[in-house]
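Reading through the structure tokens given below for one structure.
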Amino acid sequence: MLTSFRKVMVANRGEIAVRVLRACEELGIGTVAVYSDVDRNALHVRYADEAYNIGPASARESYLRIDKLIDVARRSGADAIHPGYGFLAENAEFARACQEAGLTFIGPSPEAIHVMGDKVMARQTVQAAGVTVVPGSDGPVSGEPEAIDIAERIGLPVVVKATAGGGGKGMRVVHRLDELPAALRAAANEAGAAFGDSTLYLEKYLENVRHVEFQILADRHGNVIHLGERECSIQRRHQKMLEESPSPAMDPRLRERMGEVAVKAAKSVNYENAGTVEFLLDKDKKFYFLEMNTRLQVEHPVTEMVTGIDLVIEQLRIAAGRRLRYRQRDIQVKGCAIECRISAEDPFNDFLPSIGVITNVYEPSGPGVRVDSAVFDGMEVTIYYDPMIAKLIVWGETRGQAILRMRRALREFKLLGIRTNLPFFLRLMDSPSFIAGRLDTAFLEKVPLLQQDENSVLKEVAAIATAAIAHRSKIISASRNQNAHKTDHSPWRTAGRRSAMREG
């Protein structure tokens, strides 16, 4: 049985590719990167031992081409592939293609991905294992008449969902029956374009609920544990923006109950590697299975910060056939961690993507601060990929300290040349409701963070940009003057002589 890898190919880009490459380097594993034409100068390309071009900027012609990825893995001599998240990370066909090519897919089996990737099949599977799900259709919805019957049975509001969905795509919330036909058409069109599958199902739309997920680790020897929960209720259009661990709503007994159910859900599909079981939690502490993500999550760093466990290294060990190093009783959550997803979006213009060249980068640091990114001076942000360009994670002994630390780190974070959502997060850190932990999935609809006066924010950004540009110009000018008057005398030696003369 394989116990280690010689070389791992990362079938992804951006910050997650850099994150995986770093873990491989720590284990002494050789690394291979892939890149599209527009990513030729990307940080993950520079970081890897080897890098191979896989085609044009369009993801469909590069990062989503299974044949090209398998070909690079073979040519480079890689013996395993890490999919990161997004792209092909939850694609059963890709996992199967790796197996058939004699490559280890660093993730769950194709069968587990297939079952949990189909939301209807996932609901049916965990229900059979005794897990409570959100009330909804028993299978895919065949048309408008059936959808209307289901909506009347379970009660409005309902949410239309794509069976192959994720990331908020193919979802529509319906509050009135006459809105349902249009919602079905819109969700089907969006799902078909995003996933190549327009199949839909219905669920009861639960209001005033939290989105809480549990991190799972499972090996091929039948050992399954959870690493506590993450609160993911700060969402915009069903897409997560901020995550934290532990959840402000959690207590030890509830954590134990939800964790046991998460483990049971993973065992129902003989799950292996890292995964996440997601729940909706209401104000009465009742919880319902939502879905299972069969991959590493964007928000995995908050779990790493509070448990001290490197999830990517554990992924590599599990994929190599090793047993879990931890038992459930070994998992201790310490302090609080918060993650903000930093995106190239304009929060004052409906979060529209912002493209351009990043002219200056200053990433925050200091106690309890971590930045996962792949940004650098001169990096071009294009229209081809997800606008998330970095993740800012902080840790504090308490949630209050973590919020104060995040506020400080956000103010230190400077990204010039494009617009980002940093101002949004600064306002969120000042929100009394957020500070009090009064959260649910409709938080941003109820708390108008961006309807406050934006002039002060814009003035601050303009002042920072002006100061940074002036400072850079001053440095360049000073350097030119120094070179122009360069002599054979070292200024350090001259200073030393003057010091000696003064001492004498």
Side-chain donor-acceptor pairs of residues 147-168 under 3.5 Å, sequence neighbours excluded:
from: K161; atom 1: NZ; to: E203; atom 2: OE1; distance (Å): 3.0

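- The side-chain heavy atoms of L439 and I234, taken from C-beta on, include a pair separated by under 4.5 Å.
- Between the side chain of S137 and the backbone N or O of P140 there is no donor-acceptor pair closer than 3.5 Å.
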Worksheet item: After noting the C-alpha distance and the side-chain angles of Y271 and M116, does the key distance pass the side-chain contact (heavy atoms from CB on, under 4.5 Å) rule?
Response: CA-CA 10 Å; Y271 198 81; M116 287 303 186; 5.5 Å; no

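- Q315 has its side chain within reach of H82: a pair of non-hydrogen atoms, C-beta onward, lies under 4.5 Å apart.
- N273 places no side-chain N or O within donor-acceptor distance of the main-chain N or O of S109, the cut-off being under 3.5 Å.
- Side-chain atoms of T359 come within 3.5 Å of backbone atoms of L416 as a donor-acceptor pair (strictly under, hydrogens ignored).
- The salt bridge (charged side-chain N to carboxylate O under 4.0 Å, His left out) search around E260 returns none, not counting sequence neighbours.
- Rounding to the nearest 0.5 Å places CD1 of I342 at 8.0 Å from CD1 of I389.
- At least one donor-acceptor pair under 3.5 Å links the side chain of D197 to the backbone N or O of T199.
- With salt bridges taken as basic N to acidic carboxylate O contacts below 4.0 Å, one links R399 and E244.
- Remark: the Q297 side chain and the E278 side chain contain an N/O donor-acceptor pair separated by less than 3.5 Å.
- Environment of NE2 in H114: sparse, with no more than 12 heavy atoms of neighbouring residues, nucleotides or ligands closer than 6.0 Å.
- We find that K286 and D284 are not joined by a salt bridge, their nearest charged nitrogen and carboxylate oxygen being 4.0 Å or further apart.
- Summarising the geometry of Q215 relative to A274, their closest heavy-atom pair is NE2-CB, 3.9 Å, with the distance given to 0.1 Å.
- A distance of 9.5 Å separates CD1 of I403 from OG of S431, quoted to the nearest 0.5 Å.
- Scanning for side chain to side chain donor-acceptor pair (under 3.5 Å) contacts around H300 gives R19, with sequence neighbours left out.
- Side chain of D39 to backbone of A42: no donor-acceptor contact under 3.5 angstrom is found.
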Item to complete: May I have the step-by-step check of salt bridge (charged side-chain N to carboxylate O under 4.0 Å, His left out) for R123 and E291, ending in yes or no?
Response: CA-CA 7 Å; R123 283 167 55 88; E291 63 182 12; over 6 Å; no

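- Ionic pairing of K283 and D440 is not present here: no N-O contact between side-chain nitrogen and carboxylate oxygen is shorter than 4.0 angstrom.
- The side-chain heavy atoms of V394 and M305, taken from C-beta on, include no pair separated by under 4.5 Å.
- Every residue two or more places apart in sequence or in another chain was checked for a side chain to side chain donor-acceptor pair (under 3.5 Å) with S354, and none qualifies.
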Worksheet item: Given Y384 and S36, is the side chain to side chain donor-acceptor pair (under 3.5 Å) satisfied, shown in steps?
Response: CA-CA 10 Å; Y384 297 106; S36 67; over 6 Å; no

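- One distance of note links CD1 of I54 with CG of L64; it measures 9.0 Å at 0.5 Å rounding.
- Salt bridge absent: K169 and E190 never bring a charged side-chain N and a carboxylate O closer than 4.0 Å.
- Within the structure, salt bridge (Lys or Arg N to Asp or Glu O under 4.0 Å) contacts touching residues 55-65 (residues at least two apart or in different chains) are E61-R65, R65-D67.
- Separation of atoms CG (L352) and CG (D346) is listed at 7.0 Å; rounding is to 0.5 Å.
- When the salt bridge (charged side-chain N to carboxylate O under 4.0 Å, His left out) test is applied to D430, the partners found at least two apart in sequence or on another chain are R407.
- Taking CD1 of I313 as the start and CG of D310 as the end, the distance is 4.0 Å to the nearest 0.5 Å.
- Sorted by first and then second residue, the salt bridge (Lys or Arg N to Asp or Glu O under 4.0 Å) pairs involving residues 124-144 (not counting sequence neighbours) are E144-R185.
- No hydrogens or angles considered: a donor-acceptor pair under 3.5 Å links the side chains of T276 and R230.
- By the ring pair (Phe, Tyr, Trp, His ring centres under 6.0 Å) test, Y288 pairs with no residue at all, sequence neighbours left out.
- Using a 4.0 Å cut-off between charged nitrogen and carboxylate oxygen, E304 and R370 count as a salt-bridge pair.
- Among residues at least two apart or in separate chains, salt bridge (Lys or Arg N to Asp or Glu O under 4.0 Å) pairs with a member in residues 379-395 are E15-K391.
- Listed for the E243 side chain is no donor-acceptor partner under 3.5 Å among the backbone atoms of K240.
- Residues satisfying the ring pair (Phe, Tyr, Trp, His ring centres under 6.0 Å) test with H226, not counting sequence neighbours, are F214.
- To the nearest 0.5 Å, atoms CG (L392) and CG (L422) are separated by 8.0 Å.
- Judged by distance alone, the side chain of S62 and the main-chain N or O of P56 form a donor-acceptor pair under 3.5 Å.
- Taking the six-membered ring for Trp and thresholds of 30 and 60 degrees, Y63 and F87 have nearly parallel ring planes, at less than 30 degrees apart.
- Side chains of V381 and I358 form a contact here, defined as non-hydrogen atoms less than 4.5 Å apart.
- Closest of all the heavy-atom pairs between A129 and K264 is O-CD, 3.1 Å.
- Ion pairing between R237 and D350 holds under the 4.0 Å rule for side-chain N and carboxylate O.
- Residue pairs meeting the ring-ring contact (aromatic ring centres under 6.0 Å, His included) criterion with at least one partner in residues 153-206, sequence neighbours excluded, do not occur; the list is empty.
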Practice prompt. Please report the C-alpha distance between Y35 and N41 in whole Å, then the side-chain angles of each, then the deciding distance to 0.1 Å, and finally whether the side-chain contact (heavy atoms from CB on, under 4.5 Å) criterion is met.
Written response: CA-CA 9 Å; Y35 63 92; N41 297 317; over 6 Å; no

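- N12 is not listed as a side-chain neighbour of V18, based on a closest heavy-atom distance of 4.5 Å or more.
- Salt-bridge annotation for R419 and E345: absent, with no side-chain N of the basic residue lying under 4.0 Å from a carboxylate O of the acidic one.
- When the shell of 6.0 Å around NZ of K68 is examined, it contains more than 12 heavy atoms from other residues, nucleotides or ligands.
- Paired with V277 under the rule side-chain contact (heavy atoms from CB on, under 4.5 Å), one option of I216, V212, L290 passes, and it is I216.
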Item to complete: Just do the side chain to side chain donor-acceptor pair (under 3.5 Å) check on S245 and E229 with the steps written out, would you?
Response: CA-CA 6 Å; S245 183; E229 81 282 356; 5.2 Å; no

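- Between D282 and R210 no salt bridge is recorded (no basic side-chain N to carboxylate O distance below 4.0 Å).
- Sorted by first then second residue, the ring-ring contact (aromatic ring centres under 6.0 Å, His included) pairs that include residues 404-439, not counting sequence neighbours, are F351-F424.
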